[in-house]
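For reference, the structure is listed below as structure tokens.
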Amino acid sequence: MDNLNFSLARLFPEAVFLALVLVQMTGSMLKNSSSSLANFLIRLCPVGALLAAVLAACSLSAAPQDMFYQGYRIDGLSQFFKVLVSLGYLVAWFNTRPQTTVEEELKPDYYLFLTLSAFGLLVLSSAAELVAIYLAMELSSYALYVLIPARTRSKQAAEAGLKYILFGAAATALALYGLAMIIATQGGTVISELSQKTWLVPDNILAVAGLTLFLSGMFFKLALFPFHFWCPDVYQGAGNETAAYVATLPKLGAVIVLIRIGTMLAPGQPVTTTLAVLAAVSITYGNLAALAQKDLKRMLGFSSVAHAGYILVGLVSGTAEGLAAAAFYAMAYVLMNLLCFWVIARISTDGRNLTYQDLNGLSARSPYLALSLLAAAFSLVGLPPTVGFIGKLWLITSAWGHGYDWLVIVVCVNTAIAIFYYLSLVRHAYSEETIYHGAVQSLALDKSLMSQAGAVILALLVILLGIIPSPVYGLLLSVVKVLTS
Amino acid sequence: MITDLLSCYPLLTVLTFWPLLAALILSPVKNERTIRLVTMAAALIELVLAIPLLGFESRAGFQFEELIAWAPEWKLNYHLGVDGLSILMIWLSILTLPMCVLCSWTYIGRRVKEFHICLLLMTMACVGVFSALDTVLFYVFWEALLIPMYLMIAIWGSDDRRYASIKFFLYTLAGSTLLLVAIVALRITGGTFSIPELMTTEFSYGFQYWIFLAFFIAFAIKVPMFPFHTWLPAAHVQAPSAGSVILAAVLLKMGTYGFLRFSIPMAPVASTDFAPMMIAISVASILYGGAVALGQQDIKKLIAYSSVAHMGFVTLGIFLFSLDGVNGAIFQMLNHGIITGALFMMVGAVYERSHSREIVKNMGLGKYLPAFMFFWGLFGLASFGFPGTNGFVGEFMVILAAFRANTTLGLLVIPGALLSAAYILKVTLKMAWGQPASPASGGSWRDLKKKEWAYLALPAVLVVWLGLAPGGVLGLIEPSVEDTLKTFHQRNGRVDLVQVTSPAGRPEGLIIEENILPEPTVTTTEPAAAEPAETEMEK
């Protein structure tokens with residue numbers, strides 16, 4: 001049993017989350033779901049998440065270690081993503097607190113599935129073998145299938161849930177089929193071994209097709225064109241708090257898998273070129289479609305289609321710099337979107353979907369929320385001095401000079417398209433007109449200390465990581481270099 | 001001892017980030033009057049902090065340099081420094097701030113705190129743009145300016161602010177997206193983000209060609225050059241006074257500064273090849289801007305279009321690639337900042353009285369507001385380049401360079417100078433002696449208040465001082481310009497021009513007079529430019 005290499009000490013973050021899942025499961029089995037015990041159990045989630053984040057952060061610079069016959073890999077990259085997932089879960093948990101669209105008796109179950117999904121993503125961060133990746137991905141997806149329709153008495157939510165399951169099932173089937181083809185032709189599933197094999201069209205066409213199909217499963221998670229159809233509908237249909245989670249953390253899972261698989265890619269290969277084309281189409285389509293939206297969450301849905309494309313830009317170069325840039329941008333993406341959804345959930349105190357008009361006069365009602373939204377919007381555009389800018393700069397710098405110069409131009413030109421709808425966020429938040437369209441009354445804002453402090457902390461992170469990106473990026477670069485060497 | 005202390009004083013960092021710190025100090029203040037006073041104090045402290053900048057030496061190369069590694073993974077540095085191309089623009093940015101605070105004292109009545117924070121952030125970005133010596137840092141400040149400027153137009157603008165602010169943002173952002181592509185391409189091809197290093201790198205012609213085009217779109221929109229100018233009148237008219245002042249005084253200069261700092265040194269051969277196009281567009285800007293300004297009924301729009309024409313002189317001067325042309329262009333950048341900034345503040349002052357920017361609603365002011373009309377007349381004269389004002393020096397040097405390059409070109413520019421005299425005199429005539437729209441208007445208006453005296457006196461002094469003694473300022477910029485042009489001509493393989501553009505041993509302050517003597521064409525044309533202006537004045 002030499003290759004098992006099991007050491008519990010290195011699995012602490014996962015262990016903490018697994019314990020949390022079990023605790024929540026106990027909570028969901030309680031008879032009285034609004035009892036103080038149930039509440040207490042739910043309150044354990046942020047504590048556990050913080051603990052997991054700290055534990056993962058402690059082992060960031062530890063030496064890489066393969067476990068379970070090379071199927072599970074603990075390295076800097078996986079630990080970095082575990083920190084991100086844990087912290088993202090923490091923010092998402094705080095975001096879901098004023099949960100208004102989930103029935104009281106379902107709350108323990110809601111947190112059970114939320115935690116389960118995050119646990120799946122933690123496992124995914126370390127999965128280094130295609131079957132393990134597949135299983136971890138499904139673990140996190142199945143939880144989401146339950147979460148999305150949890151918005152009570154909403155037909156849209158039911159529709160969104162169904163759509164997500166159907167699309168998800170189709171994408172899963174494709175991925176499995178691709179997996180079978182890879183195993184048949186390359187005779188293995190461990191990524192580090194697969195990356196030594198050839199992935200060229202005339203020699204190994206079945207393997208390339210298999211890899212493409214397997215990647216499709218990831219693209220579905222990432223909502224990349226043409227696997228994006230679920231995205232705007234699910235965002236719109238799910239509750240604001242749920243959408244905040246679905247929009248952010250699962251994409252991290254897809255990105256880490258793509259980075260691991262990205263070590264197998266090199267510029268000029270057919271798979272890579274396909275990726276570049278998909279990225280360009282995704283960016284352009286996402287931005288153009290977002291232009292026409294009125295519902296904020298739908299707009300963010302299409303914007304995330306575009307951002308999925310941006311992340312791919314880092315992958316096509318196949319260099320350590322590019323992969324690190326993709327990871328950095330994934331972090332930036334999660335941060336910006338969590339901030340956006342945070343503000344949206346604070347405005348929509350009754351859980352309704354917001355339109356641009358609902359933002360009117362926000363700056364007068366809560367300058368901090370308005371300022372945070374401004375930071376998020378300009379970061380999503382990619383304006384300095386925000387994390388969105390520096391992330392994009394590194395993506396395009398790594399892509400330039402590897403035969404994908406045209407992709408860089410597509411990215412930059414799209415900034416000019418994207419500015420219009422992100423600017424609308426700012427324009428409405430800072431406009432004077434507080435008169436609402438039709439009979440819709442203005443909502444009471446959630447102006448509690450937690451709501452404003454949360455927004456300001458996230459906004460500060462967006463700006464600070466834009467000004468001082470070096471520590472995080474340097475770390476990512478060093479861990480990715482280990483991976484590619 | 002003092003020099004030791006000064007050598008470790010991070011002057012440019014302090015100048016750049018003091019406004020940011022001041023904005024943070026301002027954020028908890030509630031009382032509106034206190035907010036204005038604190039901002040004013042911050043602006044004056046900024047001036048005091050800038051005193052060591054007076055120690056700028058008249059030589060080529062960067063001074064007050066600061067270099068800290070920012071993101072070593074990409075060889076990205078926090079690198080600041082000034083040379084002759086940027087020193088005047090930094091002064092202009094710093095001087096604009098107190099005037100903006102003063103001219104908004106009564107003009108801005110709501111959301112006072114946010115307004116002043118925007119002002120301070122803009123000053124930060126302006127100083128940052130002109131002192132950045134790293135392409136990414138430059139881009140960061142370049143874009144960072146957009147956000148407060150957008151907010152300023154969108155929140156404190158007049159009726160059509162939504163349209164104007166979005167147009168402004170879309171145009172300038174669309175331009176700068178390609179700037180980012182160029183920066184990335186330069187990084188990969190040239191191996192560095194550092195501006196001084198890129199300035200000394202020689203790129204292949206094909207690369208220069210594309211880089212020049214990318215720069216051109218970014219900078220031409222910012223300047224703005226015809227036909228990319230359409231955002232400017234909208235933005236100027238809708239922006240509050242202070243916004244217009246910063247827009248005119250500093251923001252437009254970022255475009256021409258970009259040409260000087262990026263296009264010419266980094267793409268010298270392509271610059272030469274594109275020069276005919278650039279000159280043609282510049283002349284078109286001069287003539288078109290002037291002609292359209294002549295037809296305006298709105299004072300602010302008139303000055304906005306006059307900016308298009310004046311900036312045309314600047315780009316023309318730059319792309320003549322001669323010492324006089326570039327010197328004149330940089331001097332004209334400073335002049336235009338002072339004069340147009342002052343004119344916009346005056347439009348704001350008259351708007352506070354009449355609540356209209358239409359010429360017809362502001363006629364016959366000479367009788368009631370003599371001091372106001374005095375300043376208006378002075379800045380008006382400077383604007384069309386009346387001898388004795390700073391406008392004359394800059395415009396004259398550019399026209400001179402144009403004649404030296406090509407007589408036909410010089411003759412083409414002359415109508416532009418005439419047009420500027422025509423539209424300024426037309427509006428001045430009506431405002432001073434026209435029949436007031438209603439007998440009541442004007443009579444009840446107060447002449448200049450103390451604050452207005454304060455913010456008009458400084459530009460007025462500068463107009464006269466720079467007009468009569470431009471030598472000191474020109475001496476500051478000349479070595480850098482000479483150096484830039486020398487490298488430029490060397491790269492173009494024209495050693496002959498290298499010698500011509502740098503005559504040795506020229507005394508400071510006598511540049512203009514010396515130039516007139518050996519050039520007979522100039523002595524005949526210049527009175528032609530100035531005379532009609534004077535005769536119209538007599539009428």
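Keep in mind that the numbers below use all heavy atoms, side chains included, and drop hydrogens, waters and symmetry copies. Every value quoted in this text rests on a predicted model; they were computed, and no experiment measured them.
For a residue to count as touching a neighbouring chain, one of its non-hydrogen atoms must lie under 4.5 Å from one of that chain's; by this rule B:L179 does not touch chain A. Residue contact with chain A, scored on non-hydrogen atoms closer than 4.5 Å, involves the backbone and the side chain of B:W70 alike. If you measure heavy-atom distances from B:Y78 to chain A, you find no contacts under 4.5 Å at all. Residue contact with chain A, scored on non-hydrogen atoms closer than 4.5 Å, is absent for B:A154.
A donor-acceptor pair is defined here as one N or O able to donate and one able to accept, closer than 3.5 Å; no such pair exists between the side chain of A:S317 and the backbone of A:V313. Looking at A:S379, its side chain does come within 3.5 Å of a backbone N or O of A:G388 through a donor-acceptor pair.
Comparing B:I183, B:L180, B:I147 by heavy-atom pairs within less than 4.5 Å of chain A, the highest count is held by B:I147. Comparing B:Y139, B:F141, B:Y150 by heavy-atom pairs within less than 4.5 Å of chain A, the highest count is held by B:Y150. Taking B:A185, B:A71, B:A214 one by one and counting their heavy-atom pairs under 4.5 Å with chain A, the maximum is reached by B:A185. With respect to chain B, the highest number of heavy-atom pairs below 4.5 Å among A:L423, A:I468, A:I390, A:L477 belongs to A:L423.
Partners of B:Y163 according to the side chain to side chain donor-acceptor pair (under 3.5 Å) rule, which considers only residues two or more places apart in sequence or in another chain, are B:K167.
With values rounded to the nearest 0.5 angstrom, A:M331 atom CE is found 4.5 Å from A:L465 atom CG.
Residues A:A416 and B:L170 approach most closely at O-CD2, 4.0 Å, considering heavy atoms. Closest of all the heavy-atom pairs between B:A182 and B:F215 is CB-CE2, 4.0 Å. Of all heavy-atom pairs spanning B:K75 and B:F193, the tightest one is O-CD1, 4.0 Å.
With A:Y310 as the aromatic partner, A:K392 meets the cation-pi criteria of under 6.0 angstrom to the ring centre and within 45 degrees of the ring axis.
In this structure, the ring of B:F262 has its center less than 6.0 angstrom from the ring center of B:F138.
Residues of residues 124-132 of chain B never come within less than 4.5 angstrom of chain A, heavy atom to heavy atom.
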